[in-house]
Number of protein chains: 2
Amino acid sequence: MSKDSPNAASPSPARQRRSSDQVTLSQVAQAAGVSPITASRALNSPDKVSDSARLSVLQAVEKLGYVPNLVAGSLASSRSRLIAVIVPSLINSVFVEVIKGLQETLGAEGYQILLGNTDYDLDREYQLVRTFLGWSCSALVTAGLRHNKACHTLLANWDHPIMEVMELGKGMDLNVGLDHVAAGRCMAGHLIDKGYRHIVYVGARLSQDYRASMRFDGHKAVLKEKGIDAPLLELDTLGSLQAGAEGLAQVLAQYPHTQAIHFANDDLAAGALLAAQRQGLNVPGDIAIAGFNGLPLGQHVTPQLTTILSPREEMGRLAAKELIRRLSGKNVYRRQHDVGFTLQTGGST
Amino acid sequence: MSKDSPNAASPSPARQRRSSDQVTLSQVAQAAGVSPITASRALNSPDKVSDSARLSVLQAVEKLGYVPNLVAGSLASSRSRLIAVIVPSLINSVFVEVIKGLQETLGAEGYQILLGNTDYDLDREYQLVRTFLGWSCSALVTAGLRHNKACHTLLANWDHPIMEVMELGKGMDLNVGLDHVAAGRCMAGHLIDKGYRHIVYVGARLSQDYRASMRFDGHKAVLKEKGIDAPLLELDTLGSLQAGAEGLAQVLAQYPHTQAIHFANDDLAAGALLAAQRQGLNVPGDIAIAGFNGLPLGQHVTPQLTTILSPREEMGRLAAKELIRRLSGKNVYRRQHDVGFTLQTGGST
DNA sequence: CAGGAAAATGGTAGCGCTGTCATGATAGCG
DNA sequence: CGCTATCATGACAGCGCTACCATTTTCCTG
């Protein structure tokens, strides 16, 4: 009856307490016969307490099934070990691979990822940033250098590391990526070297996927230098195999003399290549096809897809390493890292 | 000089304060001429304050650039609006699609996803669960029904909704998924109907991907009922196009009479199909190929891949809806939801 | 063994917010 | 007009933890 039930009616409590029945650090400390602060240290900076204290705390943790309340810890220390990661899409496997690289490296250091998806909407990005700052994230990773005004202001006044990945340029803080204009130039150069002159660039929603439009800029510049026209076909759906097939059909209808198509990414290119096969078109005899990213799929179709290999997981890992370096207070030698890219010529061009 | 700088040297402060320079709700309240609690209500339950109070609070928020400290809010209310999501892999696009479905639906209700990746390691899952419980997550979503003992204990004592997705069975709380044994039976039945008798099942790391091994169980049962042998080839790499190509080679070497291969998933199957094409093998004439998941890729290869379509995004959306229903205190009519699957016959069998 | 440095431990006071209750202001009703 | 429902607001305390400083204990070293 008068057991230590949590709801034991106190004599005349002016106010009901709302404590959860969770085991707290104080209870652990009590069980271990030390003060709460020592228990805290035993768990968070083990080398600052004696072996005996550490041992008895760990035993008490085990015995009581204590799970640290990270929310309370973060509030008290204003450090959360959370890293906000904001990407424009989860469907596009490219970003997932970057996330994987980040997660491997950050996870090993005890950081947790708080994931946000903008669906290529900069206003949505701003909302996510606000939310994430509210979680006192230790750092923020975002795909791309473009933000809306409010977001820019918010980030500029934030005093934690910011890592912008994917592309290279003048960023807010740290930056790991590659030069998309150069990548576009590279592929266009390759197509011209191969002797193609009627080349169409096909992208999907370029106003959103502005990295693809930067590649088009590079592509266009090279063709212009050669005095060649650089038609652009923009699809209204997001990149996918299906969209690639449609892109092929539209190009053939709209620009019948086309010799080569430079697709904004491998999903589109592979979709076009597979569609061409279904229609009995010869690649590259009837039409040459090139992509971007170096997805595994491109290496397994016949002919192999000519593409530009972007080191995506590597980008994530490098970004994570640089963040960790910064977060542990070390000097950052370079704010900007170019991970480069590789032209991978297959049989499709 | 004597402005209200945050670091104004107090006369004789016994202790240095470590306040961040962040704008707090109290400052907003002061600027708006109301008490902090009214400011809190103006932001979190707007219909509980007068229009005038709400307006002045919102103006003050705007003016000061206030960003709510969600950590403090969560600690005080012990509600975080975070949803833990634990998946075994990010490379496998299947889980990413489920995450996308979850995120769409949960995001619309103001929940944030805390993402964890176990790499198919149940001990790692336990660690993630501990961490996530420490964040006072509102709910937890995990892929699969299997957990290690410690994890099971932890979850069983946790008093928030738990949603187990992907497969169907006796779960801890809520469950949305499909019957993998039935899916395996379905595909095996199809292959037998088509007249194939020498059928090999090819999976990758079945001890980890136990849903694939459940499909094999179904497959095996059907063949056994027909008195047919059911050889299994297990690859030691994770599912990928490359692994599928290797699987095909191994099957041809080890079981030369094989008429059909039932692959554990579409990545493997598509890899094998593309490899067969490169080698000049006729599909399904020389060898029939079937997969599982219904990835877009399978629909774009020639011949189209016979596969089983699993509603992945739908699974995520349904799981999210059920969670939201539970979190908003409504009754849950059914703890278990079968999202089903569809046999999709292509030219590959 | 004195003297001082280093290591181990603890007391106190919040981190910024919200749940609980109490109170004042406004409205409703016979 | 008095009395009760309703709304709007505020005071208080504390969620569980850690930073800061102070104190005690241990360990050297000459």
Side-chain angles (χ1 to χ4, degrees), chain A residues 6-7 10 12-30 32-57 61 64 66-81 133-136, chain B residues 6 10 12-30 32-57 61 64 66-81 131 133-136:
Chain A
N7 303 353
S10 319
S12 60
R15 187 158 302 194
Q16 277 167 234
R17 290 286 102 241
R18 60 202 128 104
S19 71
S20 55
D21 52 359
Q22 213 190 312
V23 180
T24 71
L25 188 59
S26 296
Q27 293 171 32
V28 170
Q30 200 170 1
V34 298
S35 74
I37 191 67
T38 300
S40 169
R41 280 193 278 249
L43 296 175
N44 298 318
S45 33
D47 48 336
K48 285 189 181 170
V49 299
S50 64
D51 291 349
S52 66
R54 179 167 55 249
L55 193 66
S56 51
V57 168
V61 164
L64 300 176
Y66 170 69
V67 176
N69 185 326
L70 300 174
V71 179
S74 297
L75 179 59
S77 66
S78 56
R79 283 180 291 98
S80 70
R81 295 192 85 79
L133 297 204
W135 280 107
S136 325
Chain B
S10 317
S12 59
R15 186 158 304 195
Q16 277 165 235
R17 287 289 103 242
R18 58 206 131 102
S19 71
S20 54
D21 51 358
Q22 214 191 309
V23 180
T24 71
L25 188 59
S26 296
Q27 292 172 33
V28 170
Q30 199 171 0
V34 299
S35 74
I37 191 67
T38 301
S40 170
R41 279 192 278 250
L43 296 175
N44 299 318
S45 33
D47 49 335
K48 286 190 179 169
V49 298
S50 65
D51 291 349
S52 66
R54 181 168 54 250
L55 193 64
S56 51
V57 168
V61 164
L64 299 177
Y66 169 69
V67 176
N69 185 327
L70 300 174
V71 178
S74 297
L75 180 60
S77 66
S78 56
R79 284 179 293 98
S80 70
R81 295 191 85 79
T131 305
L133 297 204
W135 280 107
S136 323

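Every heavy atom of this structure was used, including side-chain atoms; hydrogens, water molecules and symmetry mates were not. This structure is a prediction, so every number in the text was calculated from the model and none was measured. We name chains A, B, ... by the order of the sequence lines, and we start the count at 1 in each one.
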Visitor: With a cut-off of less than 4.0 Å, is there a side-chain N or O of A:Ser74 near OP1 or OP2 of D:dC17?
Guide: no

Visitor: As a test of reading the structure: which of D:dG14, D:dT18, D:dT9 is closest to the side chain of B:Ala76, going by heavy atoms?
Guide: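 Selected nucleotide: D:dG14.
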
Visitor: So B:Val23 and B:Val67, do their side chains get closer than 4.5 Å, heavy atoms only?
Guide: no

Visitor: Pick base, sugar-phosphate or nothing for A:Val71, based on heavy-atom distances below 4.0 Å to the nucleic acid.
Guide: nothing

Visitor: For B:Ile37 and D:dA8, what is the distance between atoms CD1 and P respectively, to the nearest whole Å?
Guide: 15 Å

Visitor: Residues two or more places apart in sequence or in another chain: which of them pass side-chain contact (heavy atoms from CB on, under 4.5 Å) with A:Ala42?
Guide: A:Val49, A:Val57

Visitor: Closest-nucleotide mapping onto DNA chain D: is A:Ser40 or B:Asp51 further toward the 5' terminus? I mean the 5' end.
Guide: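 The residue whose closest nucleotide sits nearer the 5' end is B:Asp51.
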
Visitor: For B:Asp47, give me all partners under salt bridge (Lys or Arg N to Asp or Glu O under 4.0 Å), at least two apart in sequence or on another chain.
Guide: none

Visitor: Do B:Arg41 and C:dG19 have a side chain to base donor-acceptor pair shorter than 3.5 Å?
Guide: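 No pair found.
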
Visitor: Can you find a side chain N or O atom of A:Thr38 that sits less than 4.0 Å from OP1 or OP2 on C:dT9?
Guide: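 For A:Thr38, the contact criterion (side-chain N or O under 4.0 Å from OP1 or OP2 of C:dT9) is not met.
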
Visitor: Would you say that A:Pro36 contacts A:Ser26 through its side chain, given a criterion of any heavy-atom pair below 4.5 Å between the two side chains?
Guide: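 In short, these two side chains touch, coming nearer than 4.5 Å.
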
Visitor: Establish, with yes or no, whether the OP1 or OP2 oxygen of C:dC15 is under 4.0 angstrom from a side-chain nitrogen or oxygen of B:Asn69.
Guide: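 Checking B:Asn69 against C:dC15: no side-chain N or O falls below 4.0 Å of OP1 or OP2.
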
Visitor: Would you please confirm or rule out a distance under 4.0 Å between OP1 or OP2 of C:dC15 and any side-chain N or O of A:Ser77?
Guide: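 Answer no for this pair, as no side-chain N or O of A:Ser77 is under 4.0 Å from OP1 or OP2.
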
Visitor: Does B:Tyr66 put a side-chain nitrogen or oxygen below 4.0 Å from OP1 or OP2 of C:dC17?
Guide: yes

Visitor: When all nucleic acid strands are considered with a 4.0 Å heavy-atom cut-off, which category describes A:Arg79: base, sugar-phosphate, or nothing?
Guide: sugar-phosphate

Visitor: Provide, to the nearest angstrom, the distance between the CG atom belonging to A:Leu25 and the C1' atom belonging to D:dG14.
Guide: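 Checked: the CG to C1' distance equals 17 Å.
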
